[in-house]
Amino acid sequence: MSQFEYIQTLLKQALDGKSAVTLPVGSKSRSFYCISGNKGPRWIIPANPSLGLTVLRNWQPYNFASKMQWQILLKLYRYGLLARMSGILQLQAMTKPDKPEVPVIYIGTPGSQQKAVITMVSEETGEAVRVIKTAMAGGARASIQREAVVLKELAESAPHLNTPVLLELAADGTWASQSVILGRLSGRKLTHAHINWLLHLPKTEKTTTLDEQGQNIRELIVDNPFMDKRMKQLMNRAVEKIIGPTVTLVLVHGDFAPWNLKIQPGKVIAAIDWEEGNFSGLPLWDLCHFFYMQHYLFRGKTAPVVLLQNNPLVARYLELMEISPDDLAPLVLIYLLQTIADRDSAISEQYRTYLIKQVETTV
């Protein structure tokens with residue numbers, strides 16, 4: 001059994017909700033636990049906590065209740081009591097003697113972009129040695145292939161960013177492996193470390209005007225078969241507000257959010273999950289995503305555009321990027337409209353609907 005088949009066996013057991021499997025006579029097996037979330041299986045972890053805690057300690061939920069539940073779960077796991085919790089499924093899979101590595105599997109939210117992120121842990125040291133992403137739905141395959149292209153380019157053009165290194169990409173694009181980026185996940189608050197990281201993203205020699213970006217959006221609206229007449233009218237009214245000077249295009253992460261950012265020693269940021277990376281992106285794009293995505297997920301009270309306008313760290317970013325504060329609102333609108341109109345984006349339809357409402361309140 002190959003390592004990929006080994007992982008697929010565990011995923012199938014978890015998705016089927018079956019703990020009993022038939023293993024060859026005399027084969028050695030390893031026990032795992034499956035932890036479910038609100039929308040199905042979420043984690044598959046080795047029963048031996050010394051092999052799983054390395055990964056789980058570097059992951060954290062972001063609301064208070066979930067944090068408390070997660071800490072309780074980690075304590076039960078640490079002391080060998082996890083199997084006593086209701087809803088915990090026990091799995092079995094054959095060990096691979098030629099590969100002394102054990103998977104810790106995070107299963108993404110069901111949908112067209114669903115994938116599993118597998119951290120391989122050394123059985124000898126208990127340390128994470130590499131990360132494998134495997135597609136569980138059709139859209140995820142394109143995301144995995146896109147990230148592989150981005151990681152190759154980052155290794156050549158921006159080694160100072162300390163990004164994952166692509167190790168292997170399957171011929172059919174269904175999975176890829178990359179190096180591990182150590183560190184704890186970022187908090188939700190924007191800090192100097194976030195701004196400093198964004199300021200170090202390489203600029204290109206390309207420029208664009210905000211007027212040109214508005215025209216690009218108009219073309220996306222005209223050709224978009226998923227928008228009705230009312231939606232196109234709303235989008236076109238918003239485009240009329242997009243006017244401004246020339247800006248320099250920069251590398252953007254594309255999914256700049258706390259769960260994709262690691263804090264390393266010295267309060268240095270390192271970013272993972274480059275599936276939406278763009279080497280010719282707009283300045284402020286990542287900061288827009290940082291605020292809007294969190295407002296959407298955590299039901300913030302203050303409008304993200306207001307938070308962007310009033311945050312002194314955002315003001316520092318604009319100053320050092322030589323962007324006038326007057327151009328913040330048009331750049332925010334470009335983020336909203338392009339994200340809504342881009343049907344190839346990996347965002348959920350729920351997030352797209354949320355952004356449409358944000359445009360409605362703005363216009």
Side-chain angles (χ1 to χ4, degrees), residues 2-4 6-8 10-11 30 32 35 42-46 48-61 70 74 77-78 96 98-108 115-136 140 143-170 174-187 193-194 197 200 253-277:
S2 70
Q3 193 169 69
F4 186 69
Y6 177 67
I7 291 167
Q8 292 299 316
L10 287 170
L11 287 171
R30 182 179 298 282
F32 291 82
I35 304 169
R42 182 61 75 185
W43 286 94
I44 300 174
I45 59 177
N48 182 350
S50 66
L51 298 174
L53 283 172
T54 298
V55 177
L56 299 187
R57 283 173 176 155
N58 287 322
W59 189 86
Q60 63 177 359
W70 185 249
L74 290 185
Y77 182 41
R78 178 182 178 185
K96 280 187 60 59
D98 60 321
K99 278 281 186 181
E101 298 174 0
V102 180
V104 178
I105 305 173
Y106 175 80
I107 302 173
K115 67 177 72 67
V117 180
I118 305 104
T119 303
M120 301 303 298
V121 177
S122 168
E123 195 167 7
E124 298 175 353
T125 66
E127 298 296 323
V129 293
R130 57 202 173 101
V131 173
I132 302 172
K133 294 186 179 183
T134 182
M136 298 178 65
S143 295
I144 288 171
Q145 294 172 333
R146 187 163 55 243
E147 184 180 33
V149 173
V150 173
L151 291 182
K152 286 181 180 179
E153 179 63 27
L154 285 170
E156 297 177 3
S157 63
H160 63 283
L161 291 179
N162 190 17
T163 56
V165 175
L166 180 69
L167 302 176
E168 186 176 2
L169 174 65
T174 55
W175 63 269
S177 64
Q178 57 187 247
S179 64
V180 175
I181 295 295
L182 300 176
R184 59 181 175 82
L185 288 180
S186 162
H194 294 89
W197 187 85
H200 280 86
H253 180 275
D255 195 5
F256 190 76
W259 43 91
N260 289 330
L261 306 172
K262 297 285 189 77
I263 307 296
Q264 298 186 321
K267 296 183 179 180
V268 175
I269 294 283
I272 58 175
D273 289 343
W274 283 86
E275 294 161 9
E276 297 299 312

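This chain uses plain numbering: 1 for the first residue, then up along the sequence. Just so you know, these numbers come straight off a predicted model, no measurement behind them.
In this structure, Arg130 contributes its side chain and Met120 its backbone to no donor-acceptor pair below 3.5 Å. Looking only at distances, a side-chain donor or acceptor of Trp70 sits under 3.5 Å from a matching main-chain atom of Trp59. Although no hydrogens or angles enter the test, the distance criterion places a donor-acceptor pair under 3.5 Å between the side chain of Gln264 and the main chain of Leu182. In this structure, His253 contributes its side chain and Leu261 its backbone to no donor-acceptor pair below 3.5 Å. With Arg42 contributing its side chain and Ile107 its backbone, the two residues share a donor-acceptor pair below 3.5 Å. Of the possible polar contacts, none joining the Asn260 side chain to the Asp273 backbone as a donor-acceptor pair under 3.5 Å is found.
Atoms OG and NZ, from Ser186 and Lys267 in turn, are 12.0 Å apart once rounded to the nearest 0.5 Å. Rounded to the nearest 0.5 angstrom, Leu161 CG and Ile269 CD1 are separated by 12.0 Å. Remark: Ile144 CD1 to Leu169 CG distance equals 8.5 Å, nearest 0.5 Å. Atom CG of Leu10 sits about 5.0 Å away from atom CD1 of Ile105, to the nearest 0.5 Å. Once rounded to the nearest 0.5 Å, the distance linking CZ of Arg184 with CD of Gln60 reads 8.0 Å. Residue Phe32 holds its CZ atom at 8.5 Å from CG of Leu51, rounded to the nearest 0.5 Å.
Tyr77 and Trp43 have their aromatic ring centers separated by at least 6.0 angstrom.
Ile118 places none of its side-chain heavy atoms less than 4.5 Å from the side chain of Val104. Counting heavy atoms from C-beta on, the side chains of Pro164 and Leu151 come closer than 4.5 Å. Side-chain atoms of Gln8 and Thr134, non-hydrogen and from C-beta on, do get closer than 4.5 Å to each other. The shortest distance between side-chain heavy atoms of Tyr106 and Thr119 does not fall below 4.5 Å.
Of all heavy-atom pairs between Gly126 and Thr54, the closest is O-OG1, 2.6 Å. Closest non-hydrogen pair, Trp259 versus Ile272, comes out as O-CD1, 4.2 Å. Here the shortest heavy-atom pairing between Leu185 and Asn58 reads CG-O, 3.3 Å. The minimum heavy-atom distance between Ala176 and Leu166, with the atom names listed, is CB-CD1, 4.3 Å. The two atoms that bring Gly52 and Pro46 nearest to each other are N-CG, 3.9 Å, heavy atoms only. Across all non-hydrogen atoms, the minimal contact from Pro159 to Ser157 is CD-C, 3.5 Å.
Within 6.0 Å of the CZ atom in Arg78, the count of heavy atoms belonging to other residues, nucleotides or ligands does not exceed 12.
Using a 4.0 Å cut-off between a side-chain N of Lys or Arg and a carboxylate O of Asp or Glu, Glu147 and Lys115 do not qualify as a salt bridge.
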